[in-house]
Student: 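I have a structure I would like to understand better, so I am pasting it below and will then ask my questions one at a time.
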Amino acid sequence: TCAIRADTLHAECWGWNRDGQSTVTPDVEYTQISAGGFHTCAIRADTLHAECWGWNRDGQSTVTPDVEYTQISAGGFHTCAIRAD
């Protein structure tokens, strides 16, 4: 489970972390976050780029670099996002 703190925009995750899906980069501000089955993805507030962590066997945590997004959703073995352009 993950959430974004209203006071800092930092992400916090808790629960099962076998694949690193609950290990968040500290001191990064996010606009959105979505926890999938074994991975988590979020949109950074400073760049609007997606950032994912956790299990990546099927490429669900592999992000296209230098692309801005407005929405992101992590599923069991996939991730979908809406590009800003």
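All values derive from a computational prediction rather than experimental measurement. Side chains included, hydrogens not; waters and symmetry mates left out as well; all remaining heavy atoms used.
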Student: Would you check, one step at a time, whether the test side chain to side chain donor-acceptor pair (under 3.5 Å) holds for Glu51 with Tyr30?
Tutor: CA-CA 10 Å; Glu51 187 174 283; Tyr30 295 98; 2.4 Å; yes
Student: Flag the pair Trp53 / Val24 as yes when at least one side-chain heavy-atom distance between them is below 4.5 Å, and no otherwise.
Tutor: yes
Student: To check you understand the geometry: which heavy-atom pair defines the closest contact between Cys52 and Gln60, and what is its length?
Tutor: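 That would be SG-O, 4.3 Å.
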Student: Is there a side-chain contact between Leu48 and Thr70, using heavy atoms and a 4.5 Å cut-off?
Tutor: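 Of all side-chain heavy-atom pairs linking Thr70 with Leu48, none is under 4.5 Å.
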Student: Give the minimum heavy-atom separation between Ala74 and Ser34, together with the two atoms involved.
Tutor: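 Heavy atoms of Ala74 and Ser34 come nearest at N-OG, 2.8 Å.
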Student: Are any of the side-chain heavy atoms of Arg83 and Glu68 separated by less than 4.5 Å?
Tutor: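 With C-beta onward as the side chain, the pair stays apart.
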Student: Measuring only between side-chain heavy atoms, which start at C-beta, is Val28 closer than 4.5 Å to Arg44?
Tutor: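 Yes, at least one pair of side-chain atoms sits under 4.5 Å.
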Student: Is there side-chain contact between Asp58 and His78, with heavy atoms separated by less than 4.5 Å?
Tutor: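 They are not in side-chain contact.
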Student: Which heavy atom of Ser61 sits nearest to which heavy atom of Gly54, and what is that distance?
Tutor: OG-O, 4.1 Å
Student: Do you reckon Ile4 sits in the same ILVMFWY cluster as Ile43, going by side-chain contacts under 4.5 Å, direct or chained?
Tutor: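 Each belongs to a different hydrophobic cluster.
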Student: Please give me the minimum heavy-atom distance between Cys2 and Ile33, naming the atom from each residue.
Tutor: CB-CD1, 3.7 Å
Student: Does the plane of the ring in Phe77 sit parallel, tilted or perpendicular to the ring in Trp55? Use 30° and 60° as the thresholds.
Tutor: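 Perpendicular, since the angle between the ring planes exceeds 60°.
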